[in-house]
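See structure below.
In what follows, every chain begins at residue 1, and chains take the letters A, B, ... in the order their sequences are listed.
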Amino acid sequence: MSLTMPVPDGAVIEGRADLLAHLARLLPADAVIGADSALAAYECDALTAYVQRPLAVVLPRTTEEVARVLRACLERGVRVVPRGAGTSLSGGALPLADGIVLSLARFNRILDIDLDNRCITAQPGVTNLALTKAVEADGFFYAPDPSSQIACTIGGNVAENSGGVHCLKYGLTTHNLLGLEIVLMDGTVARIGGGKTLDAPGYDLLGVVTGSEGLLGVVTEVTVRLTPAPQGIGALLAGFATVEAAGEAVAAIVGAGIVPAGIEMMDNLAINAAEDFCAPGYPRDAAALLIVELDGPAGEVEAQMDRVSAILADHGATSQKRTRDAAERLGFWAGRKAAFPAVGRISPDYLCMDGTIPRARLPEVLGRIASLSADYGLRCANVFHAGDGNLHPLILYDANVDDELARAEAFGADILRTCVAVGGVLTGEHGVGIEKRDLMGEMFDDTDLAVQQRLKCAFDPKGLLNPGKVFPVLHACVELGRLKVSGGKLRFADLPRF
Amino acid sequence: MERLAPRSTADVAAIVADCTARGHRLNVIGAGTRAGLGHPVTADAVLDLGAFAGIESYEPGEQIITLGPATPLAELDAVLTDSGQRLAFDPPDTGPLFGEAPGLGTIGGAVAANLAGPARPRAGAARDHLLGIEAVSGRGEVFKAGGRVVKNVTGYDLPKLLAGSFGTLAVMTRLTLRLGGRPPGTVTAALLDIAPAEAGHLMQRIAGSGLEPVAIAYLPAEVAVRERHPLAAAALLVRFEGPASALPERLADLQRLVGTAAPVEAIEGPDSDDTWAAVRDVAGLLPDGERALWRLSLPPAAGCGVAMDLTAALPGLRWFADWAGARLWLAVPAGADAAAETVRAAARAAGGHALLFRAPLTVKARVPVFEPPAAGVGAIERSLRAAFDPAGILNPGKMGPA
Ligand SMILES: Cc1cc2nc3c(=O)[nH]c(=O)nc-3n(C[C@H](O)[C@H](O)[C@H](O)COP(=O)(O)OP(=O)(O)OC[C@H]3O[C@@H](n4cnc5c(N)ncnc54)[C@H](O)[C@@H]3O)c2cc1C
Ligand SMILES: Cc1cc2nc3c(=O)[nH]c(=O)nc-3n(C[C@H](O)[C@H](O)[C@H](O)COP(=O)(O)OP(=O)(O)OC[C@H]3O[C@@H](n4cnc5c(N)ncnc54)[C@H](O)[C@@H]3O)c2cc1C
């Protein structure tokens, strides 16, 4: 991809020393990083194909410090890239040459655990898993569980509206959030959402800030809902001779009104990569593998497992295992959870795509991916949140071979175009970032994008917060805001009036 | 007043563009029957979206539907029921609360008001089910946002912003919603003769358990006996859904959980559905036309306590709690200001807020329907309004002074 980032502001780059000195006056001494060697750690996120050293990194500890930094950057016209743990797969946290990185790493405290109201308030740098760990002993958990949950932060989850294997039943980040504190580029601190209530007066700002990829405000506090731990959990593992049969089984399960905690699918290449990596006992010869997890009241889980098992058999499962035992269940998941490292072992590099498609189009789309794979001469393993149609094709390439990265990216773009063409979308949970930015035109026309950018302008009129992400073309807010008046004549004279 | 009835999205765009150029204000309506929602709109013309009715595409296998916003909820419900599906957010039919016939509401109205029924804590509100939209902004431009799949983070979540915006940002011309399956079985457990304080604690115990209740409500005696489904005494109600064979065990588990607080009585079949429809539609506070109706959003554990405090402070108050206490409905004598100070102060002190759902115009002239926003938030809301509707012609005044 020949990625064009916003033209760096030469004056800002030249003023770096002065900026560093100014930031050092605003923040405690250990909160400003300017040394080149130390900046290297912030050069990229998990989309490692792109690197850029920032002007500086700041590590504030309080909301007031964040506000101070943002105000200073606004005055000086300095761009700001917020950063959590840097596990974004779409390049959302990629630094800018003329910008600073604002790391939330030191916002690492849990502030309030309120079991009566089933919610927890934490600073944004707390990891996703730490939330569950904090309440597990009391019989609760925080439901959205991205595979990166040991590392990724709740602030990053909010910015990306992250999902996980259990979001089929429990929803994405957006469905589990109650309130946020955010700081705007001009230093305004706003509490949005309901706090501990399910809704808030006025417009749904919580809804739009969630998934806004760090372009609207810096999240400095998060309140999320807690879910009671299920009484019982069961899982089934089934192999299929064709992808179509597995796809139809998924549709039949969901269509029967069953809401599993999760349904995951892996294709043959992914199955074998997992077997080689950690031997979870998957059927190596199966074209597709399904893992179905059911949870809930104990008696209900048993009844639903019977129903699911019958549906899997009806749809031609060539092998089936089922379990209520925790260790065995985690064994079923071991290969799926290790899919990325497993693929990492059979290929030096890989790109993880993230389109969503209508479930019924799955066989067709997988067929298309297979033929693209042949055309591009690159292997592609598919793991996939089958219950909600969210694909994760992993394109295998070697960055040290001439044009393989470029080919992998072109292949990925073709996959995403296919997703859109069948009625799906570019990204289900990883975000647009820089990775899918230039494909936004596949889904949205200029007007659609102008409406979205005007929303950005309402929060950040100077466009200093994480620019170059999400939108393929940047327009100045004044230009977007101008009202185009189309002259006097009534164009709807022939309408029925009463 | 002039009534404009566009037949296509292009018509809507042309009308809005012209009105913006002339500064003509529009009152946007779905079913076209309801005047009392929010604050009265000062408008030069009515924009009647009645022609945008009907289902465009329905794929039961994908559990997705695309339809016109003026489609009546009653019609939609009938189509979904035929395929064993439903709108999981279960929007209320509040017509009768306003002295109208039941069954008149539209899906667009339900979305624009972000309505939700008793299953909200588990199933979400309209915002959580609106996947995609086509709309016309106050600039008269047609745009789309979201998509036709459940999992989508491509671009900002504008469907959420438009849900609950009461037609003040854009006119929606097409909606795509996700659907839920109807459960194979359902049952309601009733715990009778529970006092409010105890109900508050019990509801949290039940909501925090692994029993997966779908809805939890508490009706004090006065309201319970007036419900459409007659209950003999104050009732804590818990709804369960699932395979019929697994439901008796849930009732037994619930009995174990609540111990000697009360015997668990089962309400089955259509009686169970009717009971929840009554809770959803606020039937227990019907008709009481003279009273003002408040809707409070609270941290769930605070709900019953706030109700008891207000009962002491406001003679003649009637109330019930939904969402395990997180939603409180209050009927108070309308008076001059519907006791706004007292009600709002109590809600705020508990970490919540209050919405004036129904009141005479004289009251609304003094009392904001919506809780006024905090300073930082108010500024963002004004900027957003200006971004979408710079001339301020869409439903001006609906959500309060601009
Ligand atoms: C191995 C692996 C597995 C993964 N599995 C999943 C998965 O199952 N599901 C899934 O959805 N994602 C998954 N991801 C993607 C990634 O973990 C998520 O997007 C995660 O939410 C990013 O969190 P982070 O703290 O690392 O954020 P970062 O990568 O640091 O930042 C991500 C974006 O959020 C913004 N941001 C971060 N913090 C804030 C803040 N406090 N305020 C404002 N903006 C902020 C940044 O500017 C950037 O745009 C996976 C990634 C990896 C590497
Ligand atoms: C604060 C509050 C007050 C309420 N007051 C009343 C009341 O007084 N009377 C009553 O009957 N119900 C009231 N309700 C309930 C609710 O409005 C109705 O149940 C239902 O939503 C109305 O349906 P309708 O189709 O008649 O919508 P309408 O009354 O036509 O519209 C309801 C709202 O949605 C907007 N809207 C409708 N369609 C579109 C669209 N396509 N695009 C953009 N905006 C659209 C309208 O501008 C209006 O703001 C109230 C709800 C709330 C939250």
Side-chain angles (χ1 to χ4, degrees), chain A residues 116-118 161 175 188-190 192 194-199 201-204 207-208 211-212 228-231 251 255 257 296-297 299-300 303 356 358-360 388-390 423-429 431-432 443 447-448 451-452 454-455 457-458 483 485-486 490-492 495-498, chain B residues 2-6 11 14-15 17-18 21 61-62 120 124 127-128 137 141 143-144 147-157 160-161 164-165 181 183 204 208-212 242-243 245-246 249-250 297-301 326 351-353 370-371 373 376-377 380-381 383-384 387 390:
Chain A
D116 245 7
N117 287 308
R118 298 172 290 289
N161 188 16
H175 306 115
T188 301
V189 178
I192 62 175
K196 292 182 180 180
T197 67
L198 286 168
D199 43 31
Y203 295 139
D204 191 353
V208 279
S212 64
Q231 284 180 344
E300 174 165 338
T356 306
R359 279 189 297 262
D388 40 33
N390 187 196
V425 300
L426 295 174
T427 171
E429 57 179 15
V432 176
M443 253 179 86
T447 310
D448 302 336
V451 170
Q452 297 198 28
R454 279 195 214 105
L455 176 112
C457 293
L483 195 55
V485 178
S486 54
L490 279 182
R491 283 173 290 158
F492 53 96
L495 282 177
R497 286 156 199 251
F498 308 95
Chain B
E2 189 173 27
R3 199 173 182 90
L4 303 165
D11 285 351
I15 291 172
D18 281 340
E62 300 290 340
R120 164 91 204 251
R127 78 189 279 273
D128 300 300
S137 76
E141 59 195 357
F143 68 96
K144 61 183 176 304
R148 303 194 72 250
V149 290
V150 168
K151 221 165 154 193
N152 177 16
V153 294
T154 322
Y156 296 129
D157 198 343
K160 283 209 174 54
L161 184 65
S165 68
Q204 305 327 312
S209 76
L211 291 182
E212 297 198 345
S245 63
E249 186 185 316
R250 298 250 217 136
S297 255
L298 298 164
H353 56 93
F370 300 90
E371 184 90 24
V377 170
I380 301 173
E381 293 191 337
S383 309
L384 274 178

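Ranked by heavy-atom pairs shorter than 4.5 Å toward chain A, the options B/G208, B/P373, B/A387, B/G352 are led by B/G208. Between chain A and the options B/K144, B/E141, B/R127, heavy-atom pairs under 4.5 Å are most frequent for B/K144. In terms of non-hydrogen atom pairs under 4.5 Å with chain B, the most contact-rich of A/I192, A/L426, A/V189 is A/L426. With chain A as partner, the option from B/L211, B/D157, B/D128, B/T154 having the largest number of non-hydrogen pairs under 4.5 angstrom is B/T154. If you tally non-hydrogen atom pairs under 4.5 Å between each of B/G181, B/P299, B/G242 and chain A, the highest count goes to B/P299. Put simply, of B/G376, B/A326, B/S209, B/G147, the one with the most heavy-atom pairs under 4.5 Å next to chain A is B/S209. With chain B as partner, the option from A/G428, A/A458, A/A190 having the largest number of non-hydrogen pairs under 4.5 angstrom is A/G428. For the options A/G257, A/G299, A/P297, heavy-atom pairs under 4.5 Å to chain B are most numerous at A/P297. Ranked by heavy-atom pairs under 4.5 Å with chain B, the first of A/M443, A/R118, A/E429 is A/R118.
Heavy atoms of A/N390 lying under 4.5 Å from chain B belong exclusively to its side chain. Contact of B/A301 with chain A is made through backbone and side chain together, with heavy-atom distances under 4.5 Å. Interface residue B/E371: backbone and side-chain heavy atoms are both found under 4.5 Å from chain A. Contact of B/P300 with chain A is made through backbone and side chain together, with heavy-atom distances under 4.5 Å.
A/N117 and A/K196 are not linked by any side-chain donor-acceptor pair at a separation below 3.5 angstrom, with hydrogens and angles left out of the test. Side-chain polar atoms of B/N152 and A/T356 form no donor-acceptor pair below 3.5 angstrom.
Partners of A/A303 under the side chain to side chain contact (heavy atoms under 4.5 Å, CB included) rule, at least two apart in sequence or in another chain, are B/P243, B/S245. Here B/Y156 pairs with A/F471 under the ring pair (Phe, Tyr, Trp, His ring centres under 6.0 Å) rule; sequence neighbours left out.
One finds the OG1 atom of A/T427 at 9.5 Å from the NZ atom of B/K151 (value rounded to the nearest 0.5 Å).
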Yes or no on salt bridge (charged side-chain N to carboxylate O under 4.0 Å, His left out) for B/R120 and A/D199, after CA distance, side-chain angles and deciding distance? CA-CA 10 Å; B/R120 164 91 204 251; A/D199 43 31; 3.2 Å; yes

Does the side-chain contact (heavy atoms from CB on, under 4.5 Å) test come out yes or no for A/V425 and B/R148, once each step is laid out? CA-CA 8 Å; A/V425 300; B/R148 303 194 72 250; over 6 Å; no

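Side-chain contact between B/E212 and B/R250 is present, with heavy atoms from C-beta onward closer than 4.5 Å. Contact annotation: the side chain of B/I380 never approaches that of A/T188 to less than 4.5 Å [non-hydrogen atoms, C-beta and beyond].
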